[in-house]
Amino acid sequence: MQNNDQEETEKPLDFIRTRVKEDKENGKNDGRIHTRFPPEPNGYLHLGHAKSICLNFGIADEFDGLCNLRLDDTNPVAEKTEYAQAIQEDVRWLGFDWEERFFHASDYFQQLYDWATKLIEEGKAFVCDLNFDEMRELRGNLTESGKESPYRNRSVEENLQLFQKMKEGGFPEGSKTLRAKIDMTSPNLNLRDPVIYRILHKEHPKTGNQWKIYPSYDFAHGQSDSIEGITHSLCTLEFEHHRPLYDWFCETLFIHHPQQIEFARLNMTYVVMSKRKMLRLVEEGHVDGWDDPRMATLQGMRRRGYTPEAIREFSERVGLAKRENMIEVELLEHCLRADLNKRAVRRLGVLNPLKVVIENYPEGQTEEVDAVNNPEDPETGTRKVSFSREIFIDQNDFMEDPPKKYFRLSPGKEVRLKYAYYVTCKEIIKDENGQIVELICTYDPESRGGDSPDGRKVKGTIQWVDAATAVKSEVRLYDRLFLDPNPEETEDGGDFTDNLNPESLQINGNALVESSVVDLPPGAPYQLERIGYFCTDPDSIKGTQLIINRSVAMRDSWAKANK
RNA sequence: AGCCUGGUGGUGUAAUGGUAGCACAGGAGUUUUUGGUACUCUCAGUCGGGGUUCGAAUCCCUGCCGGGCUGCCA
């Protein structure tokens, strides 16, 4: 208890948690805390949603409350079951559990209809015959107040009849709406008699053809929260102007009134996170689909090798405030590396193989050396890796004419082959074009395991694979999808796709990895030492084709210093 | 233009009238069988101007700048 108190006073709370804590302590809603994550099933979840998911489920967890998953399916035009499935999958993958509290706004269509009827009976809603353009005309604009609809004063009887007939499909789409009767002169445009029901002769994924009219977001959201007993309805800043409406419905209907609180949505450098723009990337073929590893969708990130832990850590670290923000993608990468450094097993591999023949190593001989699985986690132990006379190293690890402070292999120099032996470069073999195709080295048999008994030190340690047992692999290397940190900010007449990075995907088909990599299941993270963190792509065919994705490169101060 | 909202190092976020802190990024170094990790050090900030106060990032006034809002989307 003492500890708890200390933690609470030491750890500063964001403005929402501060509010939630106060409400709980003051006994508001009987001290109950109940949040919800309410996506519309019209697309895939992305990193921005992750922030919201972690917030809502996180608060419920921290304050001994509950969090619902609710699909806000009030517009059948764009919604699909496919998306609804993916949403549930993604939330679970992130590590959250809504238990039995999985709801749909469409669960409440009847109740919503009854409430609309009540509003009509009280003279607070009316059926309007204005079409789209006429309505916009009368709504006014930012500086001019609106004018009342000529249909605003229809009798309750007439409104009831018309609304009933709308419901039964008696009118074509767009011909009539139900509007709340609020205030056409309000400076808040959302309060100028907002549409609360529209006619849509569309099949709904959940309710089929039962309804010909559908409630608008404003008429559905607050009431859905209310029905579910939500105490704190957290949403992004753009809904700030909708809060008066949210409040108006709860109060006018005399129903439980949750508190809406808005926070700034997540923006990140080098990515786009709006559904519209992501859809264009998919449809125009700039990426391979919603789960392309370069996409900021949870499906893409999962395929890329991001872990739920890293994303959750990131979501907490980005903070929570009302000011617009642009998070640097480096923070995300840091969270991934930090997580994977602790958990990912290590393996050896070379991206661009360079053959090395160890001339004093007996021909035909093979041995196994012990390699550490994860230096950060001794419990993972060691594994055997085969070694023989012919091996491959990475082309980057040899230079014929090295610059100062180059610790890797070069003519006459000695390096350590990790876990194996010291080797010294004796000879370079080139092809007719002068390209280095092979190195002849000698090894020091005394240095087995990577240390010389005479205490001699080498500056460089490089990874290698045994030519006899290494497995060929296609490696997919990802870079930022955009060249500009803020791809949405384009010059006049420009488009965000102008900022696409043409080299965001590089496919390397010649890589070689140690044979045990094929035993790692798709999606499981591993580090190829000195190269980066990887995971096997689901496109792989076991025993036939190995395809691996680089999740993130290692930090590389050498490469950085040489830029 | 009207209304709403927000301005703290490069980025993000703390400090609610009392020493401007933390993280990422950047720089330097130590350790190292990953030029990784870890550790140490370092660079760098309260939008401007007034006011209240012993004392202001914080309160007041004013100016400037950013974001949002004119769907029968959410």
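The chains referred to below are lettered A, B, ... by the order of the sequence lines, with proteins before strands, and numbering in each begins at 1.
Across the protein-nucleic acid pair, A:L200 atom CG and B:A74 atom P stand 9 Å apart, rounded to whole Å. Atom-to-atom, CZ of A:F407 to P of B:U32 comes out at 13 Å; the value is rounded to the nearest Å. Taking atom CG of residue A:L71 and atom P of nucleotide B:A74, one finds them 14 Å apart after rounding to whole Å. Between A:E40 atom CD and B:A74 atom C1' there is a gap of 5 Å when expressed in whole angstrom units. Atom CG in A:L189 sits about 7 Å away from atom C1' in B:C69, given to the nearest Å. Straight-line distance from the CG atom of A:L191 to the C1' atom of B:U70: 14 Å, rounded to whole Å. In this structure, A:D339 places its CG atom 16 Å from C1' of B:G36, rounding to the nearest Å. Rounded to whole Å, the distance from CG on A:L237 to C1' on B:G6 is 8 Å.
In this structure, A:F163 and A:Y113 have parallel ring planes: the angle between them is below the 30° cut-off, well short of the 60° mark. Note on ring orientation: taking the six-membered ring where Trp is involved, the planes of A:F387 and A:W464 are perpendicular (angle over 60°, cut-offs 30° and 60°).
B:G10 and B:A1: their C1' atoms are spaced 35 Å apart (whole Å). Taking atom P in both B:A57 and B:G17, one finds a spacing of 13 Å when rounded to whole Å. On the P atoms, B:G45 is 29 Å away from B:G36, given to the nearest whole Å. Here, B:U46 and B:G12 have their P atoms 16 Å apart, quoted to the whole Å. Straight-line distance between the C1' atoms of B:G67 and B:C47: roughly 16 Å, to the nearest whole Å. B:A44 and B:G55 have their P atoms separated by 28 Å, given to the nearest Å. A distance of about 24 Å separates the P atoms of B:C24 and B:U16, rounded to the whole Å. Between B:U19 and B:G35, the distance separating the two P atoms is 45 Å to the nearest Å.
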Dump every N/O contact between nucleotides 17-25 of chain B and the protein below 3.5 Å, one line per pair.
unit_1 : atom_1 : unit_2 : atom_2 : d
B:A23  : O2'    : A:R317 : NH1    : 2.4

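Note on A:N190: nothing from the nucleic acid sits closer than 4.0 angstrom, heavy atoms only. When heavy atoms are screened at a 4.0 angstrom cut-off, A:T177 is found touching base atoms of the nucleic acid. Across all strands shown, A:E376 has heavy atoms under 4.0 Å from base atoms, whether or not it also approaches the sugar-phosphate. Residue A:E262 is out of contact with every strand shown, counting any heavy-atom pair closer than 4.0 Å. Note on A:P375: a base of the nucleic acid sits closer than 4.0 angstrom, heavy atoms only. Within 4.0 Å of A:F314, counting heavy atoms only, lies no atom of the nucleic acid at all. Across all strands shown, A:F239 has heavy atoms under 4.0 Å from base atoms, whether or not it also approaches the sugar-phosphate. At the heavy-atom level, A:R408 lies under 4.0 Å from base atoms of the strands shown.
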Candidate pair A:L348 and A:Y419, rule side-chain contact (heavy atoms from CB on, under 4.5 Å), full reasoning: CA-CA 10 Å; A:L348 301 180; A:Y419 309 126; 4.3 Å; yes
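Taking side-chain N and O atoms only, A:S186 has no distance below 4.0 Å to OP1 or OP2 of B:C3. Contact annotation: A:R323 reaches the phosphate of B:U13 (side-chain N/O to OP1 or OP2, under 4.0 Å). In terms of phosphate contacts, A:T74 brings a side-chain nitrogen or oxygen within less than 4.0 Å of OP1 or OP2 of B:A74. OP1 and OP2 of B:G71 both lie 4.0 Å or more from every side-chain N or O belonging to A:R198. For A:R243, no side-chain nitrogen or oxygen approaches OP1 or OP2 of B:C3 to under 4.0 Å.
Residues A:Y44 and A:H49 place their aromatic rings such that the two centres sit no closer than 6.0 Å. Ring centroid separation for the pair A:F263 and A:F15 does not come in under the 6.0 Å cut-off. Aromatic rings from A:Y217 and A:H221 are positioned such that their centres are separated by under 6.0 Å. You'll find the ring centres of A:Y197 and A:F219 inside the 6.0 Å limit.
With B:U70, B:U34, B:A74 as the candidates, the nucleotide lying closest to the side chain of A:S216 is B:A74. In this structure, of B:G68, B:U70, B:G36, it is B:U70 that holds the atom nearest to the side chain of A:R139. With B:U13, B:G35, B:U34 as the choices, the nucleotide that has an atom nearest any side-chain atom of A:E529 turns out to be B:U34. In the set B:C3, B:G12, B:G35, B:G12 carries the atom at the smallest distance from any side-chain atom of A:I327. For A:E238, the side-chain atoms get nearest to B:G68 when compared with the rest of B:G68, B:A14, B:G12. Taking only side-chain atoms of A:R346, from C-beta outward, the nucleotide of B:G36, B:A74, B:C72 with the closest atom is B:G36. Looking at the side chain of A:D556, the nearest of the listed nucleotides B:G35, B:A74, B:G36 is B:G35. The side chain of A:N141 sits closest to B:U70 out of B:U13, B:U70, B:G35.
Under the stacking definition used here (centres under 5.5 Å, planes under 30°), the residue A:W558 qualifies as stacked on the base of B:G35.
Here the NE2-SG distance, from A:H242 to A:C235, works out to 9.0 Å after rounding to the nearest 0.5 Å. The CD atom of A:Q260 sits 8.0 Å away from the CZ atom of A:F239 when rounded to the nearest 0.5 Å.
Both distances falling under 3.5 Å, in either a Watson-Crick or a G-U wobble arrangement, place B:C41 opposite B:G27. B:A56 is unpaired under the Watson-Crick or G-U wobble criterion, no partner having all donor-acceptor distances under 3.5 Å. Using Watson-Crick or G-U wobble geometry with both donor-acceptor distances under 3.5 Å, B:U13 finds its partner in B:G21.
Contact of the A:L417 side chain with the A:V369 side chain is not registered, since no non-hydrogen atoms from C-beta on lie closer than 4.5 Å.
The stretch residues 127-135 of chain A comes close to RNA chain B through A:L130, A:N131, A:F132, A:M135, each having a heavy atom under 4.0 Å from the strand.
Comment: A:E144 does not engage A:R139 in a salt bridge, judged by the lack of any side-chain N to carboxylate O separation of less than 4.0 angstrom.
With a 6.0 Å cutoff to the six-membered ring centre and a 45° limit on the axis angle, A:R416 does not count as a cation-pi contact of A:Y422.
For the pairing with A:Y526, the side chain to side chain contact (heavy atoms under 4.5 Å, CB included) check across A:N374, A:V517, A:N373, A:V513 returns one residue only, A:V517.
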